[in-house]
Amino acid sequence: MMMESLEVAAHVLSGTISSHSCSTLHSNTSPFISPWSIDGRIRRKRCPLHARALSNSNVNQNLSRVRGILHSHKRSRHVMLQCQRNESSSKITSEDGNRSWVKDAVSKASQILSDVNGQTQTVIGFDEGAIKTGDDKSFLAGTNDHASPKRRGSSFEDEAWCLLQESMVYYCGSPVGTIAANDPSDSNVLNYDQVFIRDFIPSGIAFLLKGEYDIVRNFILHTLQLQSWEKTMDCHSPGQGLMPASFKVRTVPLDGDDFATEEVLDPDFGEAAIGRVAPVDSGLWWIILLRAYGKCSGDLSVQERIDVQTGIKMIMKLCLADGFDMFPTLLVTDGSCMIDRRMGIHGHPLEIQALFYSALLGAREMLAPEDGSADLSRALNNRLIALSFHIREYYWVDMKKINEIYRYKTEEYSYDAVNKFNIYPDQVSPWLVEWMPDKGGYFIGNLQPAHMDFRFFSLGNLWSIVSSLATTHQSHAILDLVEAKWSDLVADMPFKICYPALEGQEWRIITGSDPKNTPWSYHNGGSWPTLLWQLTVACIKMNRPEIAARAVEVAEKRIAADKWPEYYDTKQGRFIGKQARLYQTWSIAGFLVAKLLLNKPDAARSLWNEEDADIINALNIMVDSNPRRKQGRKVLKKTYIV
Ligand code: GLC
């Protein structure tokens with residue numbers, strides 16, 4: 001108890017405390033103007049499209065929203081983190097580097113588009129840190145010259161870079177994340193004007209691949225400061241170690257000074273989110289990004305910091321805490337990941353398990369051995385082994401397995417029951433019998449007592465390949481299935497979030513008749529371009545990049561012309577989603593990461609986990625000691641002591 005309090009204190013206090021608060025002092029109160037805020041303003045003005053997005057009526061709306069929130073903020077004692085300077089945030093890359101790639105991207109885009117339009121476009125330039133343009137986004141996105149694939153390819157990428165740059169959010173003058181969507185035509189922003197942890201991952205990876213490390217480092221350190229602050233909902237606080245779903249930078253009056261303002265980071269742990277869903281995936285993604293940051297930048301000093309080490313441990317402790325659960329998989333409520341609404345994925349959804357596995361591996365790799373860390377290290381190892389055995393063994397389906405389930409006996413009371421979870425064969429529904437290809441297989445969406453959710457969830461399957469939760473054989477089989485089911489999973493826009501959609505009575509009961517999640521829309525069988533990046537990492541890892549390249553080609557045909565929607569609707573992904581945001585940052589970043597990786601496949605290495613020899617060995621021992629399994633599996637020389 002004592003130890004934990006100390007750790008929490010260390011977490012909050014260490015490293016990042018500095019005397020610099022980010023107050024913007026108005027010049028009539030003081031001749032001193034914080035260089036941070038000046039810098040911030042200059043940076044914000046850099047990309048004029050961004051400035052326009054915030055201009056006019058939007059600004060007024062924003063201001064009144066901030067005031068309203070401030071009011072409730074005081075009442076409910078929401079945690080606002082005072083702006084602190086990260087003491088060495090500029091160590092790794094220089095702002096100049098940042099400028100030069102933006103400059104290059106923008107001037108290339110300008111050049112190409114002027115050629116395309118046959119006009120002299122002199123409006124885009126780069127001047128003293130500010131990009132000037134005389135046109136709006138439609139200038140970039142709406143060009144109707146899609147004739148030359150070569151030209152089209154590069155101009156789309158340049159446009160995507162520019163849009164990604166515009167989506168950057170600054171805190172005290174430093175970039176700390178990217179806004180979820182930057183759609184100037186949308187007046188109902190909801191929380192899409194926030195930085196979502198999960199949405200930032202592809203942005204962060206795009207920046208890492210481009211050598212822009214500052215924003216990722218800042219994101220990691222600032223979100224860490226938000227972790228575990230006491231947030232309450234109806235008198236109940238979420239577990240310590242929880243990372244927020246999203247945060248917003250707000251400018252608020254400085255306490256006790258009528259003329260000064262300060263910027264604050266205001267996190268949402270789900271207590272304001274639609275449906276009050278718990279962001280279980282945030283902490284897992286945070287660990288994954290932290291590892292990628294170290295691998296790509298070579299800067300291990302971030303993961304070695306005491307506060308970062310404590311942050312990793314807190315996430316792990318929260319995930320490893322004992323509960324009532326019988327399975328090694330994480331037990332969560334509905335909507336606790338990318339699918340953040342009721343979709344019948346409560347229990348042990350695959351996506352969370354794949355991210356959990358990756359985060360366990362990342363934590364084990366990054367945690368420094370120290371006095372008293374043996375217990376945690378043992379717990380991590382044991383969980384990794386149990387989790388991979390459970391998923392590989394019980395979540396896997398292919399033709400052979402479906403046939404086995406179809407012939408299952410039920411009501412077996414014994415330690416070595418074949419049908420351990422008492423699955424009734426009737427659950428093998430007709431769509432599955434039709435759909436399962438002869439060659440290929442996948443992990444089911446969820447497993448509970450007497451319940452197998454046979455829907456195919458893309459992110460969980462792709463991330464199982466990336467993290468090596470799937471065996472090599474299973475990984476190839478998942479990609480075989482993607483190829484065999486191309487017209488269902490890719491069709492006119494990659495990539496289906498899940499297959500098939502819930503329809504009729506099932507939709508009514510499982511989603512609660514959710515009008516946003518109607519069949520083949522949004523989370524219920526919609527198509528999400530952001531998934532391109534996970535598909536690309538998975539394909540490169542399995543040495544089958546051509547699959548991802550084909551999918552990127554499909555997306556390229558329309559994604560920019562459609563203004564980078566959040567998702568697409570219909571079975572084939574033919575329509576822009578009913579309520580899809582445009583200029584959705586993770587659609588832009590997902591596309592960019594896919595492109596970058598296909599150009600430089602070696603870079604994908606920093607994003608995946610190789611299969612771990614200790615885990616394979618332990619699994620082999622478990623499998624071989626099971627009397628039902630056939631013999632003949634070789635145990636690796638190295639033995640594993642559990
Ligand atoms: C939607 C998505 C969620 C995403 C958020 C912000 O709610 O379901 O995964 O994080 O939008 O883009």
Side-chain angles (χ1 to χ4, degrees), residues 163-164 167-169 177-183 186 188-205 219 223 242-248 267-286 288-289 332-346 349-352 354-355 445 457-460 462-463 495-498 501-502 511 514-518 520-534 563-569 576-591:
L163 292 169
L164 187 62
S167 73
M168 280 160 76
V169 170
T178 49
I179 196 172
N182 201 1
D183 181 358
D186 198 337
N188 184 21
V189 290
L190 296 173
N191 51 355
Y192 283 85
D193 61 349
Q194 306 209 1
V195 179
F196 277 75
I197 308 307
R198 72 175 73 84
D199 292 40
F200 180 73
I201 307 304
S203 299
I205 289 172
F219 172 89
T223 46
L242 191 70
M243 282 281 183
S246 60
F247 67 86
K248 188 171 167 68
D268 178 7
F269 287 84
E271 78 279 16
I274 296 163
R276 303 295 186 259
V277 281
V280 178
D281 62 341
S282 289
L284 308 174
W285 276 124
W286 183 86
I288 292 166
L289 186 65
V332 299
T333 51
D334 214 342
S336 56
C337 51
M338 175 183 183
I339 295 180
D340 55 357
R341 294 166 88 82
R342 184 171 158 194
M343 262 290 287
I345 56 163
H346 50 276
L350 178 67
E351 177 181 330
I352 289 288
L355 295 177
F457 286 87
S458 305
L459 180 49
L462 296 175
W463 206 259
F495 202 92
K496 272 276 169 269
I497 194 166
C498 67
L502 299 167
T511 72
D514 184 347
K516 205 169 170 185
N517 271 338
T518 50
W520 308 109
S521 180
Y522 198 42
H523 300 139
N524 188 12
S527 304
W528 292 66
T530 188
L531 293 168
L532 272 175
W533 81 267
Q534 289 102 341
K563 302 188 177 140
W564 308 93
E566 180 186 12
Y567 64 94
Y568 284 77
D569 282 358
I576 296 173
K578 232 184 314 182
Q579 295 188 42
R581 308 281 142 170
L582 303 180
Y583 300 106
Q584 180 81 19
T585 305
W586 72 351
S587 299
I588 298 166
F591 171 82

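As the structure is a prediction and not an experimental result, all values here were calculated from the model. Counting starts at 1 for both ligands and their atoms, following the listed order.
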Open item on the list: For the backbone of Trp586 and the side chain of Thr530, can you confirm whether one donor and one acceptor N or O come within less than 3.5 Å of each other?
Closed with: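 It does hold such a pair.
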- [ ] Take Thr518 and Asn524 through the side chain to side chain contact (heavy atoms under 4.5 Å, CB included) test and state the conclusion after the steps.
- [x] CA-CA 6 Å; Thr518 50; Asn524 188 12; 5.9 Å; no
Do any nitrogen or oxygen atoms of ligand 1 lie under 3.5 Å from a protein nitrogen or oxygen, and which ones?
| unit_1 | atom_1 | unit_2 | atom_2 | d |
| --- | --- | --- | --- | --- |
| ligand 1 | 7 (O) | Asp340 | OD1 | 3.0 |
| ligand 1 | 7 (O) | Asp340 | OD2 | 2.8 |
| ligand 1 | 7 (O) | Tyr522 | OH | 3.2 |
| ligand 1 | 8 (O) | Met338 | O | 2.9 |
| ligand 1 | 8 (O) | Asp340 | OD1 | 2.8 |
| ligand 1 | 8 (O) | His523 | NE2 | 2.6 |
| ligand 1 | 9 (O) | Met338 | O | 2.7 |
| ligand 1 | 10 (O) | Arg198 | NH1 | 2.9 |
| ligand 1 | 10 (O) | Asp199 | OD1 | 2.6 |
| ligand 1 | 11 (O) | Tyr192 | OH | 3.4 |
| ligand 1 | 12 (O) | Asp199 | OD2 | 2.5 |
| ligand 1 | 12 (O) | Gln584 | NE2 | 2.9 |

Task: Among Thr178, Ile205, Val169, Thr223, the one residue meeting side chain to side chain contact (heavy atoms under 4.5 Å, CB included) with Phe200 - done: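 Among Thr178, Ile205, Val169, Thr223, the one that satisfies the side chain to side chain contact (heavy atoms under 4.5 Å, CB included) with Phe200 is Thr178.
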Open item on the list: Whether Arg581 and Asp186 form a salt bridge (side-chain N of Lys/Arg under 4.0 Å from carboxylate O of Asp/Glu) is what I want to check.
Closed with: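 Salt bridge flag = yes for Arg581 with Asp186.
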TODO: Measure up the Trp463 and Trp285 rings against each other and bin them: parallel (under 30°), tilted (30 to 60°), perpendicular (over 60°).
DONE: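 Aromatic pair Trp463/Trp285 classed perpendicular.
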- [ ] Report the C-alpha separation of Phe219 and Ile197 in whole Å, then their side-chain angles, then the decisive distance to 0.1 Å, and conclude whether the side chain to side chain contact (heavy atoms under 4.5 Å, CB included) test is met.
- [x] CA-CA 9 Å; Phe219 172 89; Ile197 308 307; 3.9 Å; yes
